[in-house]
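Scroll down for the structure; my scribbles are underneath it.
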There are 2 protein chains.
Amino acid sequence: MITPETLFRALSDSTRLRCLLLMLSEQSLCVCEFVHALDLSQPRVSRHLGHLRDLGIVQDERRGQWVHYRLHPQLPDWAREVLQAAFAADGVGDIRRRLAAMPNRPSIACD
Amino acid sequence: MITPETLFRALSDSTRLRCLLLMLSEQSLCVCEFVHALDLSQPRVSRHLGHLRDLGIVQDERRGQWVHYRLHPQLPDWAREVLQAAFAADGVGDIRRRLAAMPNRPSIACD
DNA sequence: TAATCATATGCGGATATCCGTATATATTTC
DNA sequence: GAAATATATACGGATATCCGCATATGATTA
């Protein structure tokens with residue numbers, strides 16, 4: 001089971017934190033959607049998401065060409081509360097807007 | 001004002017995290033009490049507490065020879081919620097016991 | 001003011017983290 | 001099976017983090 005120290009280290013990087021807040025508000029997203037919403041390189045996003053998966057914080061699922069990531073269903077309540085508190089602090093800002101503006105989103109009508 | 005990313009980085013080190021959880025449960029403590037409760041070197045504890053002070057997460061106050069640290073009174077609610085959630089995850093374990101067992105605690109009858 | 005106790009800081013060195021670039025792998029489509 | 005798209009990984013270099021040790025600073029007491 002994940003420890004507070006491990007979770008906090010995972011959240012201490014802005015790429016990972018923004019990915020997680022986006023998952024908190026959007027359920028499930030594929031890598032290219034993170035890349036678009038955060039305007040970061042694909043390898044960078046992929047590496048950080050893989051890191052979160054290895055820690056058991058998120059779960060991935062391949063759907064054809066795409067790999068979707070979501071918060072791990074068994075993520076403990078205290079960890080969700082931590083994420084909620086961070087969300088309360090500053091939300092996800094423009095990120096959701098950029099995501100909504102993405103053309104041909106693979107996640108649409110997928111959940 | 002402190003950002004989630006900055007707070008999480010501060011909490012990602014076990015020395016700092018345990019100091020903060022101890023402050024959450026004990027209000028105000030001096031450096032030598034942290035040293036005793038956590039069983040760590042004095043320079044190590046002092047440097048981490050100074051770091052937390054520089055970030056605005058804790059407040060220090062000199063009382064004679066001793067310097068007492070506490071959570072910063074203006075620490076935002078979301079940050080306190082994060083600490084509470086971490087506390088809920090594993091409390092402070094044996095740390096409080098070791099603190100209670102410390103002889104001649106400078107904090108006693110000080111608050 | 002000398003001695004003592006509490007705390008803070010300077011300095012290396014070891015290790016961890018993060019990134020961009022290039023490339024590898026997986027899946028679908030033609 | 002070749003091309004196109006999506007994702008993952010390997011590598012090297014820059015930077016950050018953390019620690020122990022030694023020492024400096026601050027406060028009290030004799």
Side-chain angles (χ1 to χ4, degrees), chain A residues 3 5-20 22-23 28-55 57-70 99 102-108 110, chain B residues 3 5-20 22-23 28-55 57-70 99 102-108 110:
Chain A
T3 65
E5 187 180 342
T6 299
L7 178 67
F8 291 139
R9 185 178 303 273
L11 299 182
S12 72
D13 174 87
S14 87
T15 299
R16 289 190 297 264
L17 178 57
R18 290 188 296 166
C19 284
L20 286 166
L22 210 45
M23 284 183 251
S28 173
L29 292 171
C30 69
V31 178
C32 61
E33 288 174 312
F34 290 106
V35 168
H36 188 279
L38 303 179
D39 193 27
L40 297 173
S41 75
Q42 180 271 324
R44 179 166 166 178
V45 170
S46 176
R47 213 180 309 102
H48 283 291
L49 288 172
H51 186 190
L52 292 171
R53 179 192 0 89
D54 294 343
L55 295 174
I57 297 172
V58 305
Q59 197 180 54
D60 62 352
E61 177 194 2
R62 182 172 277 277
R63 297 186 196 170
Q65 320 174 253
W66 297 282
V67 177
H68 289 245
Y69 285 87
R70 73 181 65 223
L99 177 63
M102 177 178 177
N104 304 328
R105 284 182 52 194
S107 279
I108 294 295
C110 248
Chain B
T3 66
E5 187 180 342
T6 300
L7 178 67
F8 292 138
R9 186 179 302 273
L11 299 183
S12 73
D13 174 87
S14 87
T15 300
R16 289 190 296 266
L17 178 57
R18 292 187 295 165
C19 283
L20 286 166
L22 209 44
M23 284 183 250
S28 173
L29 292 171
C30 69
V31 178
C32 60
E33 289 173 312
F34 290 106
V35 168
H36 188 278
L38 303 179
D39 192 28
L40 296 173
S41 75
Q42 180 271 324
R44 179 166 166 178
V45 170
S46 176
R47 214 180 306 101
H48 282 291
L49 288 171
H51 186 190
L52 292 172
R53 181 194 355 92
D54 294 344
L55 295 174
I57 297 173
V58 304
Q59 196 179 55
D60 62 353
E61 176 194 3
R62 183 172 276 277
R63 297 186 195 170
Q65 320 173 254
W66 297 282
V67 177
H68 289 244
Y69 285 87
R70 73 180 65 221
L99 176 63
M102 177 179 178
N104 304 327
R105 284 182 52 194
S107 278
I108 296 294
C110 249

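Within every chain, numbering begins at 1; the chains are lettered A, B, ... in the order of the sequence lines, protein sequences first and strands thereafter. Below, all heavy atoms of this structure are taken into account, side chains as well, without hydrogens, waters or symmetry copies.
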Sequence-distant partners of A:Glu61, side chain to side chain contact (heavy atoms under 4.5 Å, CB included), two or more places apart:
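Per chain and number, A:Glu61 pairs via side chain to side chain contact (heavy atoms under 4.5 Å, CB included) with A:Arg63, A:Arg70.
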Tell me, please, which residues at least two apart from A:Arg53 pass side chain to side chain contact (heavy atoms under 4.5 Å, CB included).
A:Val58, A:Asp60, A:Tyr69
With each end axis built from five pairs of C1' atoms, what bend angle do you get for the helix from C:dT1-D:dA30 to C:dC30-D:dG1? Round to 10°.
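The end-segment axes of the helix from C:dT1-D:dA30 to C:dC30-D:dG1 are tilted 20° relative to each other.
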For the pair B:Ile57 and B:His51, evaluate side chain to side chain contact (heavy atoms under 4.5 Å, CB included) and give the outcome as yes or no after the intermediate values.
CA-CA 9 Å; B:Ile57 297 173; B:His51 186 190; over 6 Å; no
Could you check if a side-chain atom of B:Pro103 sits within less than 4.5 angstrom of a side-chain atom of B:His36, using non-hydrogen atoms only?
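Answer yes - side chains close enough.
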Could you check whether any side-chain heavy atom of A:Leu49 comes within less than 4.5 Å of a side-chain heavy atom of A:Val67, counting everything from C-beta outward?
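No. Closest side-chain heavy atoms not under 4.5 Å.
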Between D:dA8 and A:Tyr69, is there an OP1 or OP2 to side-chain N/O distance shorter than 4.0 Å?
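A:Tyr69 to D:dA8 OP1/OP2: side-chain N or O found under 4.0 Å.
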Taking DNA chain C as the partner, which of residues 29-45 of chain A come within under 4.0 angstrom of it by heavy atom?
A:Ser41, A:Pro43, A:Arg44
Range on DNA chain C touched by chain B, heavy atoms, distance below 4.0 Å:
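The footprint of chain B covers C:dC5 to C:dG10.
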At their closest point, which heavy atom of A:Met23 faces which heavy atom of A:Leu52, and how far apart are they?
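Heavy-atom minimum between the residues: CE-CD1, 4.5 Å.
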Please find the pair of heavy atoms, one from B:Ser107 and one from B:Cys30, that lie closest to each other, and give the distance.
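It is OG-N, 3.8 Å.
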Residues in salt bridge (Lys or Arg N to Asp or Glu O under 4.0 Å) contact with A:Arg18, at least two apart in sequence or another chain
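Expected list: none.
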What distance separates B:Phe34 CZ from B:His68 NE2, expressed to the nearest 0.5 Å?
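Taking CZ in B:Phe34 and NE2 in B:His68, the distance rounds to 10.0 Å.
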How many angstroms lie between CZ in A:Arg105 and CD in A:Glu33, if you round to the nearest 0.5 Å?
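Here the rounded value is 4.5 Å.
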Is there any salt bridge (Lys or Arg N to Asp or Glu O under 4.0 Å) pair reaching into residues 34-50 of chain A, and which pairs are they, with sequence neighbours excluded?
none
Would you tabulate the side-chain donor-acceptor contacts of residues 6-13 of chain B under 3.5 Å, counting partners in other chains and residues two or more places apart, or write 'none'?
unit_1: B:Thr6; atom_1: OG1; unit_2: B:Thr3; atom_2: OG1; d: 2.9
unit_1: B:Arg9; atom_1: NH2; unit_2: A:Ser12; atom_2: O; d: 3.1
unit_1: B:Ser12; atom_1: OG; unit_2: B:Arg9; atom_2: O; d: 2.7
unit_1: B:Asp13; atom_1: OD2; unit_2: B:Thr15; atom_2: N; d: 2.9
unit_1: B:Asp13; atom_1: OD2; unit_2: B:Arg16; atom_2: N; d: 3.1

Length of the line joining B:His51:NE2 and D:dC19:C1', which is rounded to integer Å
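Rounding to the nearest Å, NE2 of B:His51 and C1' of D:dC19 are 15 Å apart.
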For DNA chain D, find the residues of residues 9-18 of chain A with a heavy-atom distance under 4.0 Å and give them by number; none if there aren't any.
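Output list: empty, so none.
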The contact string for nucleotides 25-30 of chain D, one letter per nucleotide 5' to 3', using protein heavy atoms under 4.0 Å with B, S and - for base, sugar-phosphate only and none, comes out as --SS--
